[in-house]
Amino acid sequence: MSPCGRVVVVGSANVDHTVWVEHLPGPGETVTARRVSTSAGGKGLNQAVAAARMGAPTSFLGCVGRDADGDVLLALLDDAGVDVQTVARHAQARTGTAAITVDQHGENTIVVAPEANGLLDAEHVAQAGAAGLFDHAAVVVAQLECPPSTVAAALAAARQAGAITMLNPAGDMSGAADLLHLADLCILNHTEAAAIVGPTTDPAESARRLLALGCGSVVITKGAAGAWFFDGGNERHVETHRVEVVDATGAGDAFCGAYAVAWAEGRPVDERLAWASAAGASAVTRAGAAQAMPTRADVESLLA
């Protein structure tokens, strides 16, 4: 296998406040938490940590506040081996936060307050590009917890530099359809696919609709049913590893980070799917988001 190229992640960084409950509350219902935790998260940060722990040289483009939470997130990224030279710090905004509720089965609900993430703009992308962020990137990954205009600028700059572009349209779905033409791969779960192209029980039909909007290929994940790859001519399916689920919060981010690394290493699509599926399964066996991202050894152990 060839040496791994650089993975660049453009996205959000949050402090997650998680409460653990017996069941998720319904409208108007109050439930008692069994415990509370605070940890690092945000889809961008999670995916950057996942890529770095999988062994890829990784850079992160994001925005945090000039506050204690921002200090913590930057330290965590640095400890994971992520290059944070292009992380902006905003003096007038707090670091992003998320409120997460997790039930006894590991299912969750998440409410995100973007704060500084919402201030990452196209100018930050241009400055990072001028500093060479995209010049040596093999794969550039973005989500939608930052403004769509920022994501568009990043994916366009990545394409111009010759990098593979991956869009994980999780977050603010309102502008997702307009970004698909900039993505060599759109990687999303079945709920997110339905939000963009309408509901269907057939992943192949969802993929056809997404491909018609301009993306080069599609991976749709569907929890315990596994994940499907489509590119208009080929279809692949990978089963989900059977593990004990503790917290599903970071599963999709682990999947995306591992897929990006496998692609940056030049692996064929079957291996990319296998690595990503194993990474997602490994992540759900641990509580939290960023701290649950698996290492390369975790993934290789599960695949073995």
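Remember, predicted model here, so these are calculated numbers, not experimental data. Along the sequence shown, residues are numbered consecutively beginning with 1. Just the heavy atoms: all of them, side chains too, but no hydrogens, waters or symmetry mates, feed the values below.
- In this structure, the side chains of V31 and L24 stay at 4.5 Å or more apart for every pair of heavy atoms.
- Under the 6.0 Å distance and 45° angle rule, R35 counts as a cation-pi partner of W20.
- The structure places OG of S59 at 4.0 Å from CG of D83, a figure rounded to the nearest 0.5 Å.
- Side chains of D298 and S301: no donor on one and acceptor on the other come within 3.5 Å.
- Cluster annotation: L302 is not connected to V299 through the hydrophobic network of ILVMFWY side chains, with a link wherever side-chain heavy atoms come within less than 4.5 Å.
- Side-chain atoms of I196 and M173, non-hydrogen and from C-beta on, do get closer than 4.5 Å to each other.
- The CG atom of L74 sits 9.0 Å away from the CZ atom of F60 when rounded to the nearest 0.5 Å.
- A continuous path of ILVMFWY side-chain contacts below 4.5 Å connects L273 to L185, so both sit in one hydrophobic cluster.
- Residues L179 and P148 approach most closely at CD2-O, 3.8 Å, considering heavy atoms.
- Formation of a donor-acceptor pair under 3.5 Å by the D67 side chain with backbone atoms of T95 is found in this model.
- The shortest side-chain heavy-atom distance between L303 and E300 does not fall under the 4.5 Å cut-off.
- At least one donor-acceptor pair closer than 3.5 Å links the side chain of N189 to the backbone N or O of T191.
- R296 and E265 are joined by a salt bridge, as a carboxylate oxygen and a charged side-chain nitrogen come within less than 4.0 angstrom of each other.
- At least one donor-acceptor pair under 3.5 Å links the side chain of T240 to the backbone N or O of G223.
- Between the side chain of R6 and the backbone N or O of A138, no donor-acceptor pair lies under 3.5 Å.
- Ion pair D202/R209 not flagged as a salt bridge, since none of the NZ, NE, NH1 or NH2 atoms sits closer than 4.0 Å to an Asp/Glu carboxylate oxygen.
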Yes or no on side chain to side chain contact (heavy atoms under 4.5 Å, CB included) for H241 and S277, after CA distance, side-chain angles and deciding distance? CA-CA 7 Å; H241 293 264; S277 179; 3.7 Å; yes

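- The line from OH of Y259 to OG1 of T221 is 12.5 Å long, rounded to the nearest 0.5 Å.
- Cluster membership check: L188 shares its hydrophobic cluster with L167, using side-chain heavy-atom separations under 4.5 Å among Ile, Leu, Val, Met, Phe, Trp and Tyr.
- Inter-residue side-chain proximity for L45 and L77 is flagged as met; some heavy-atom pair is nearer than 4.5 Å.
- Nearest heavy-atom pair, N108 versus A248, reported as atom, atom and distance to 0.1 Å: ND2-C, 3.6 Å.
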Stepwise side chain to side chain contact (heavy atoms under 4.5 Å, CB included) check, T249 with I110: CA-CA 9 Å; T249 302; I110 305 174; 4.2 Å; yes

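- Listed for the T58 side chain is a donor-acceptor partner under 3.5 Å among the backbone atoms of A56.
- By the criterion of side-chain heavy atoms lying less than 4.5 angstrom apart, applied directly or through intervening Ile, Leu, Val, Met, Phe, Trp or Tyr residues, I100 is grouped together with V112 in one hydrophobic cluster.
- Scanning both residues, D103 and E22, for their nearest heavy atoms gives CB-O, 3.8 Å.
- Atom NE2 of H237 has more than 12 neighbouring heavy atoms from other residues, nucleotides or ligands inside a 6.0 Å radius.
- Here the CG atom belonging to D247 is positioned 8.0 Å from the OG atom belonging to S37, to the nearest 0.5 angstrom.
- In the displayed structure, Q127 atom CD is contacted under 6.0 Å by more than 12 heavy atoms of other residues, nucleotides or ligands.
- Residues E115 and H90 form no side-chain contact, since every pair of their non-hydrogen atoms from C-beta on lies 4.5 Å or further apart.
- Scanning all heavy atoms of the two residues, the minimum distance from S206 to V197 falls at O-CG2, 4.0 Å.
- Atom CE of M166 and atom SG of C215 lie 12.0 Å apart (nearest 0.5 Å).
- Rounded to the nearest 0.5 angstrom, L180 CG and L213 CG are separated by 5.5 Å.
- No hydrogens or angles considered: a donor-acceptor pair under 3.5 Å links the side chains of D184 and T165.
- Following chains of ILVMFWY side-chain contacts shorter than 4.5 Å, one cannot reach V246 starting from V19, and the two form parts of different hydrophobic clusters.
- Residue A283 comes nearest to M293 through the heavy atom pair CB-CE, 4.4 Å, listed as atom of the first residue, atom of the second, then distance.
- Salt-bridge formation is detected for the pair D270/R236: a Lys NZ or Arg NE/NH1/NH2 atom is positioned less than 4.0 Å from an Asp or Glu carboxylate oxygen.
- Residues S12 and N117 come closest through the heavy atom pair CA-OD1, 3.2 Å.
- In this structure, Q92 and L119 have side chains that are not in contact, with every pair of non-hydrogen atoms separated by 4.5 Å or more.
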Between F230 and L210, does a side chain to side chain contact (heavy atoms under 4.5 Å, CB included) hold up when you go through it step by step? CA-CA 10 Å; F230 305 88; L210 289 162; over 6 Å; no

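- V125 belongs to a hydrophobic cluster whose other members, connected by ILVMFWY side-chain contacts under 4.5 Å either directly or through intermediates, are V8, V10, L61, L120, L133, F134, V140.
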Using side chain to side chain contact (heavy atoms under 4.5 Å, CB included), reason through Q143 and V9 one step at a time and then give a plain yes or no. CA-CA 9 Å; Q143 319 79 35; V9 180; 3.6 Å; yes

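- Judged by distance alone, with hydrogens and angles left aside, the side-chain atoms of R94 form no donor-acceptor pair with the main-chain N or O of G65 at under 3.5 Å.
- V238 has its side chain out of reach of W228: every pair of non-hydrogen atoms, C-beta onward, lies at least 4.5 Å apart.
- With hydrogens and angles ignored, the 3.5 Å screen pairs a side-chain donor or acceptor of N168 with a backbone N or O of I187.
- Within 6.0 Å of atom CD in E244, 12 or fewer heavy atoms from other residues, nucleotides or ligands are found, so the atom counts as exposed in its surroundings.
- Between the H190 side chain and the T201 main chain, no donor and acceptor come within less than 3.5 Å of each other.
- Within the 3.5 Å criterion, the main-chain N or O of E123 finds a donor-acceptor partner in the side chain of D121.
- Checked by atom type and distance alone, the side chain of E145 pairs as donor or acceptor with a backbone atom of K43 at under 3.5 Å.
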